[in-house]
2 protein chains.
Amino acid sequence: MKAERGATLKALLGLLSLGPMSGYDIRALIQESIGHFWSESYGQIYPGLKRLATAGLVEKKTERQKGRPDRHLYSLTDEGREELWRWLRLPPVDEVPRNELLLKLFFGAQVPASVCREHVAAHLAKHEALLKRYSVVAKALEREHGHDPDLPYWLITLSLGRHTSSAEAKWCKETLKRLEELERKKKGGR
Amino acid sequence: MKAERGATLKALLGLLSLGPMSGYDIRALIQESIGHFWSESYGQIYPGLKRLATAGLVEKKTERQKGRPDRHLYSLTDEGREELWRWLRLPPVDEVPRNELLLKLFFGAQVPASVCREHVAAHLAKHEALLKRYSVVAKALEREHGHDPDLPYWLITLSLGRHTSSAEAKWCKETLKRLEELERKKKGGR
DNA sequence: GGGTGCATGTAATGGGTTACATGATTCT
DNA sequence: AGAATCATGTAACCCATTACATGCACCC
């Protein structure tokens, strides 16, 4: 398993460090825990687990179920945990930026300001919804994982979500004002 | 040219709407104008321009140069501009989140807090550098494009950079404090 | 009877980076 | 002499999503 660029396998190792899980479980867990900053599809998860097993970083146990397909439970091996630790120490590679909203706004002068306004309004709604969700999740975490040593770290990741979403929301509001002004200037003709 | 998911071709159209350019120019322009929220490699740009030309959305003119390879200058056709407009009106598809720093922090309890501290410190430095750059760029834009109708839109994109980078920086500082506290608690023994 | 959830996986396709290949000119 | 800039492009590779394929159980 020569070093990859992507972090999919590391994400799998990390999640398995929280306990044995199936691919299906992992998908669900991703969405409800790290969904606001990470995602994986089945097309990555299942082949990924297989590769990790071949490399000896995880162990597979099959659980029979009646009337349901078997569950393949994967758990970290010692080598797997060490691999995870090694990776955690490496400085994160920073992602290439790709923000389609900003790209459209950059060329915004080509279309009526109302078009941009609508894009920004939708963006605002999205982040306001996120902010609400973050509050709910924070409370749920504190309730359900009161003394878990992981808790402070989970809250740290949530906190960035809050900071950036409220920054985005603030920017949206300012931008909406600016766009309205641009519209007025156009219409009013000087 | 059946509808794509990626926005590479649209980005090319957008940049060409600012004036005729070569692939080389486009690369350079991306880095100095929209580099903080978009990127393209030559491996995308050159084939992309070729496809746009085949589809009749751009026109190619070759400029001879002495001692240098020919420059292939591309410019928008009317259909190209219309295609751009159509795309600008469509709501932006939101990107899948993938933040490796947060992923590492989420599993931070597995390694000494100092490891996370260093990752966060580097992140802070990055955003502080960005903030400086944004100021410089904003001034340069106002100086060089005083009455350009694009200017307000360019400033809007810059403004989001400022908002989010200062939010990230603030979060970094808070997080550094929290991590130091966690370190003290570990060492001091409850 | 039909949707949703459980549960696994593969194949096709798409989108993107990196490395390679070429070669003159100009700056240090 | 050597590095950087100008300038074009292709091929190999990697990473990821989506669609497909399967099938039982449970609820409405």
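Below, chain A is the first sequence line, B the second, and so on; all start at residue 1.
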Specify whether A/Y42 and A/Y46 have parallel, tilted or perpendicular ring planes, treating 30° as the upper limit for parallel and 60° as the lower limit for perpendicular.
-> parallel

Rounded off to whole Å, could you give me the [atom1]-to-[atom2] distance for the [X] and [N] pair?
X	N	atom1	atom2	answer
A/K10	D/dC15	NZ	C1'	15 Å
B/Q44	C/dG15	CD	P	9 Å
B/E95	C/dG16	CD	C1'	16 Å
B/W38	C/dG16	CH2	P	7 Å
B/E40	C/dT17	CD	P	6 Å
B/L12	C/dG16	CG	P	11 Å

Between the protein and nucleotides 4-11 of chain C, list every N/O to N/O distance that falls short of 3.5 Å.
| unit_1 | atom_1 | unit_2 | atom_2 | d |
| --- | --- | --- | --- | --- |
| C/dC6 | OP2 | A/Y24 | OH | 3.1 |
| C/dA7 | OP1 | A/Q65 | OE1 | 2.9 |
| C/dA7 | OP1 | A/Q65 | NE2 | 3.0 |
| C/dA7 | OP2 | A/R71 | NH1 | 3.4 |
| C/dT8 | OP1 | A/H72 | N | 2.9 |
| C/dT8 | OP2 | A/Y24 | N | 2.9 |
| C/dT8 | OP2 | A/Y46 | OH | 3.0 |
| C/dT8 | O5' | A/Y46 | OH | 3.4 |
| C/dT10 | OP1 | A/K50 | NZ | 2.7 |

Is any NZ, NE, NH1 or NH2 atom of the basic residue among [X] and [Y] found under 4.0 Å from an Asp or Glu carboxylate oxygen of the other?
X	Y	result
B/K139	B/E144	no
A/R89	B/E118	no
B/R86	B/E83	yes

pair A/W171-A/L124: side-chain heavy atoms closer than 4.5 Å = no

Just wondering, do B/M21 and B/L29 contact through their side chains at under 4.5 Å, heavy atoms?
-> yes

Any [X] side-chain nitrogen or oxygen under 4.0 Å from OP1 or OP2 of [N]:
X	N	value
B/T8	C/dG16	yes
B/R98	D/dC15	no
B/R5	C/dG15	yes

Does the ring centre of B/H119 sit less than 6.0 Å away from the ring centre of B/H123?
-> no

Indicate, with a heavy-atom threshold strictly under 4.0 Å, whether B/R27 touches base, sugar-phosphate, or nothing.
-> nothing

When we call it a touch if two heavy atoms are under 4.0 Å apart, what does B/S39 touch: a base, just sugar-phosphate, or nothing?
-> sugar-phosphate

